[in-house]
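Only one structure is covered here, and it is reproduced in the block below.
Everything quoted here is computed from the prediction, not taken from an experiment.
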Amino acid sequence: MALINFGGVEENVVTREEFPLDKAREVLKDDIIAIIGYGVQGPGQALNLKDNGFNVIVGQRKNSPTWDKAIADGWVPGETLFPIEEAAAKGTIIQFLLSDAGQIAVWPQLKPHLTAGKALYFSHGFGITYKEKTGILPPADVDVILVAPKGSGTSLRRLFVAGKGLNSSFAIHQDATGKARERVIALGIGVGSGYLFETDFYKEVTSDLTGERGTLMGAIQGIFAAQYEVLRANGHSPSEAFNETVEELTQSLMPLVAENGMDWMYANCSTTAQRGALDWWKPFRDATKPVFEQLYNEVKAGNEAQRSIDSNGKVDYREKLEQELEELRESEMWRAGKAVRSLRPENS
């Protein structure tokens with residue numbers, strides 16, 4: 001592992017240079033990787049592994065939209081695409097990539113196929129960390145490992161196709177074979193990680209649940225809505241309010257942050273913008289930090305996990321989810337956003 005300095009703190013990470021793809025293929029040359037679930041993470045990880053030369057099959061419910069999506073992506077029924085239990089029986093490494101609620105529902109059918117020496121792989125620490133709530137208790141004679149790409153499966157695939165990578169965490173919960181570490185790192189390289197940093201299942205799920213509810217999704221939507229509504233209430237047009245709130249951030253400024261950091265983005269803005277940002281970032285931090293502390297405590301207490309299980313396990317969950325997403329989609333801000341995106345030069 002390479003020792004890298006992160007802001008004055010040194011961490012060990014695994015890079016592609018020290019653990020190249022050829023080595024990953026050698027480690028997993030005798031394994032059949034069964035991707036269980038073809039929803040959010042499944043397609044990106046499965047296709048990247050296949051394109052990288054690994055032996056991959058997909059397990060998914062027949063006669064479902066995701067079964068049809070797998071076929072459209074080139075997976076062949078009876079050859080590389082199977083019903084879930086059949087794929088689990090064939091696989092020596094079972095990548096359990098269903099949603100958290102889906103994992104709870106399918107676990108009784110999957111567990112009998114976890115025979116000695118296999119590996120059970122997750123991309124989220126939820127099922128194992130909250131085992132008292134989920135009932136996911138792997139047998140003692142299998143490896144239990146995790147690779148969690150820091151982004152969606154769609155982003156993982158897009159970056160892979162572009163010759164880039166999405167950074168991932170990895171963890172080992174159970175090493176039954178003595179090979180878990182090599183296996184998990186090889187899989188992390190195989191799915192297209194930029195680099196790998198070590199964590200554990202608990203830290204992965206607490207950071208992930210906090211991030212999703214915080215700056216990655218929940219907080220950013222809340223901040224967008226607040227600024228947009230203030231601008232509209234003061235007479236600014238939907239186009240002006242959306243461009244100043246969302247479009248400039250996502251299309252201009254965040255790519256600069258991704259390229260070279262926040263300070264570099266600041267340096268490439270006007271001195272007026274710099275002055276205002278430097279004056280206002282601390283009041284925003286001070287206003288929102290108590291909310292983040294409350295959020296983290298709710299995650300740490302297991303309350304967010306329980307809410308997720310209770311909500312996602314209901315029969316009408318997807319119908320209610322669609323109603324809530326419809327509220328976002330049909331808000332003036334995001335209807336304005338749809339119009340703005342349609343006017344981008346690449347869409348005209």
Q | Cluster check Y266, F284: I/L/V/M/F/W/Y, side chain < 4.5 angstrom | A | no

Q. Are the charged groups of R335 and E332 less than 4.0 angstrom apart, N to O?
A. no

Q. So does E330 have more than 12 non-hydrogen atoms from other groups sitting under 6.0 Å from CD?
A. yes

Q. Would F19 and V184 show up in the same hydrophobic cluster when neighbours are defined by side-chain heavy atoms closer than 4.5 Å?
A. yes

**Q.** Basic-acidic side-chain contact under 4.0 Å: R329, E322
**A.** yes

Q) Got a second to check how far L81's CG is from Q60's CD, nearest 0.5 Å? A) 8.0 Å

Q) If you round to the nearest 0.5 Å, how far is CG of L98 from CD1 of I36? A) 7.5 Å

Q) For the residue pair G192 and L156, what are the closest heavy atoms and their distance? A) O-CD1, 4.3 Å

Q: Using a 4.5 Å cut-off on heavy atoms from C-beta on, say whether the side chain of V40 contacts that of S99.
A: no

(Q) Just checking E327: does its CD atom have more than 12 heavy atoms from other residues, nucleotides or ligands closer to it than 6.0 angstrom? (A) no

Q) Under the side chain to side chain contact (heavy atoms under 4.5 Å, CB included) criterion, do F197 and I4 qualify, and how do the steps go? A) CA-CA 10 Å; F197 61 94; I4 306 295; over 6 Å; no

Q | same_hphob_cluster(L249, F242) at 4.5 Å side-chain heavy-atom cutoff | A | yes

(Q) Any carboxylate oxygen within less than 4.0 angstrom of a Lys/Arg side-chain nitrogen, looking at K282 and D286? (A) no

**Q.** Nearest-0.5 Å distance, CD1 of residue I185 to CG of residue L196
**A.** 7.0 Å

Q. What residues, two or more places apart in sequence or in another chain, satisfy ring pair (Phe, Tyr, Trp, His ring centres under 6.0 Å) together with W67?
A. none

Q.
Minimum heavy-atom separation for G39 and T66, please, with both atom names.
A. CA-CG2, 4.3 Å

Q: Over all heavy atoms of both residues, which pair between P139 and V142 is shortest? Give the atoms and the distance, please.
A: O-CG2, 3.4 Å

Side-chain polar contacts of residues 114-125 - donor-acceptor pairs under 3.5 angstrom, sequence neighbours left out - could you list them?
| from | atom 1 | to | atom 2 | distance (Å) |
| --- | --- | --- | --- | --- |
| K118 | NZ | A88 | O | 2.9 |
| K118 | NZ | A89 | O | 3.3 |
| K118 | NZ | G91 | O | 2.8 |
| K118 | NZ | H113 | O | 2.9 |
| Y121 | OH | Q45 | OE1 | 2.6 |
| S123 | OG | Q45 | NE2 | 2.9 |
| S123 | OG | V147 | O | 2.7 |
| H124 | ND1 | E204 | OE1 | 3.2 |

Q.
Under a 3.5 Å distance rule, please check whether R157 uses its side chain to pair with a backbone N or O of A46 as donor and acceptor.
A. no

Q: Evaluate the side-chain proximity of Q221 to M333: yes if any heavy-atom separation is below 4.5 Å, no if none is.
A: yes

Q.
When you measure from the side chain of N260 to the backbone of L256, do you find a donor-acceptor pair of N or O atoms at a distance under 3.5 Å?
A. no

Q. How long is the gap from CD on E248 to CE on M254, to the nearest 0.5 Å?
A. 10.5 Å

Q: Might you work through the side chain to side chain contact (heavy atoms under 4.5 Å, CB included) test for F170 and E198, ending with a clear yes or no?
A: CA-CA 5 Å; F170 76 96; E198 192 163 7; 3.7 Å; yes

Q) For M217, does its backbone N or O pair with a side-chain atom of R213 as donor and acceptor, under 3.5 Å? A) no

Q: Would you confirm whether E86, through its side chain, and P83, through its main-chain N or O, come within 3.5 Å as a donor-acceptor pair?
A: no

Q.
Just so I know, are the side chains of E247 and R344 near enough to count as touching, which here means a heavy-atom distance under 4.5 Å?
A. yes

Q) Less than 4.5 Å apart, any side-chain heavy atom of D175 and any of T177? A) yes

Q | From OG1 (T129) to NZ (K203), nearest 0.5 Å | A | 12.0 Å

Q.
Within the 4.5 Å heavy-atom criterion, are L49 and I35 side-chain neighbours or not?
A. yes

Q: Indicate the ring-plane relationship of Y38 and W75, choosing parallel, tilted or perpendicular according to the 30° and 60° boundaries.
A: perpendicular

(Q) I'd like to know if V14 and L146 are part of one continuous hydrophobic network [Ile/Leu/Val/Met/Phe/Trp/Tyr, side-chain heavy atoms within less than 4.5 Å]. (A) no

**Q.** Same apolar cluster (I L V M F W Y, side chains within < 4.5 Å links), F224/L231
**A.** no

**Q.** Over all atoms of both residues, closest heavy-atom pair of G42 and L97
**A.** CA-CD1, 3.9 Å

Q: Please answer whether the main-chain N or O of F6 pairs with a side-chain N or O of E11 as donor and acceptor at a distance below 3.5 Å.
A: no

Q. Under 3.5 Å, is there a donor-acceptor pair between the S239 and S237 side chains?
A. no

Q. Can you name the closest pair of heavy atoms from I57 and E79 and give their distance?
A. CG2-O, 4.2 Å

Q | Check: D73 and K69 side chains under 4.5 Å, non-hydrogen atoms | A | yes

(Q) If I compare all heavy atoms of Q103 with all of G127, which pair ends up nearest, and what's the gap? (A) OE1-CA, 4.4 Å

Q: Could you verify whether a donor N or O on one side chain and an acceptor N or O on the other, from S168 and S193, lie under 3.5 Å apart?
A: yes

**Q.** Flag if over 12 foreign heavy atoms under 6.0 Å of CZ, R61
**A.** no

Q: May I ask you to test the I33-L187 pair for a side-chain heavy-atom distance under 4.5 Å?
A: yes

Q) Are the side chain of D316 and the backbone of E319 linked by a donor-acceptor contact shorter than 3.5 Å? A) no

Q: Determine, stepwise, if the pair T134 / W107 fulfils side chain to side chain contact (heavy atoms under 4.5 Å, CB included).
A: CA-CA 9 Å; T134 65; W107 178 248; over 6 Å; no

**Q.** R318 atom CZ, neighbour heavy-atom count above 12 within 6.0 Å
**A.** no

Q. Is there side-chain contact between K289 and E293, with at least one heavy-atom pair below 4.5 Å?
A. yes

(Q) Between the side chains of D100 and K133, is the shortest nitrogen-to-carboxylate-oxygen separation below 4.0 Å, so that they form an ion pair? (A) no

Q. By ring pair (Phe, Tyr, Trp, His ring centres under 6.0 Å), which residues pair with Y130, not counting sequence neighbours?
A. F126

Q: Can you label the angle between the F201 ring and the H173 ring as parallel, tilted or perpendicular, going by 30° and 60°?
A: tilted

Q. Does N5 use its side chain to pair, donor to acceptor, with the backbone of E10 at less than 3.5 Å?
A. no

Q: Give, for atom NZ of K90 and atom CZ of F82, the distance between the pair rounded to the nearest 0.5 Å.
A: 4.5 Å

Q: Kindly indicate, with the supporting measurements, whether the criterion side chain to side chain contact (heavy atoms under 4.5 Å, CB included) is fulfilled by L253 and C269.
A: CA-CA 9 Å; L253 301 184; C269 293; 3.8 Å; yes

Q. Is a side-chain donor or acceptor of T92 paired with a backbone partner of I32 at a separation under 3.5 angstrom?
A. yes

Q | Lys/Arg-Asp/Glu bridge criterion (N-O < 4.0 Å) met for R307, E304 | A | yes

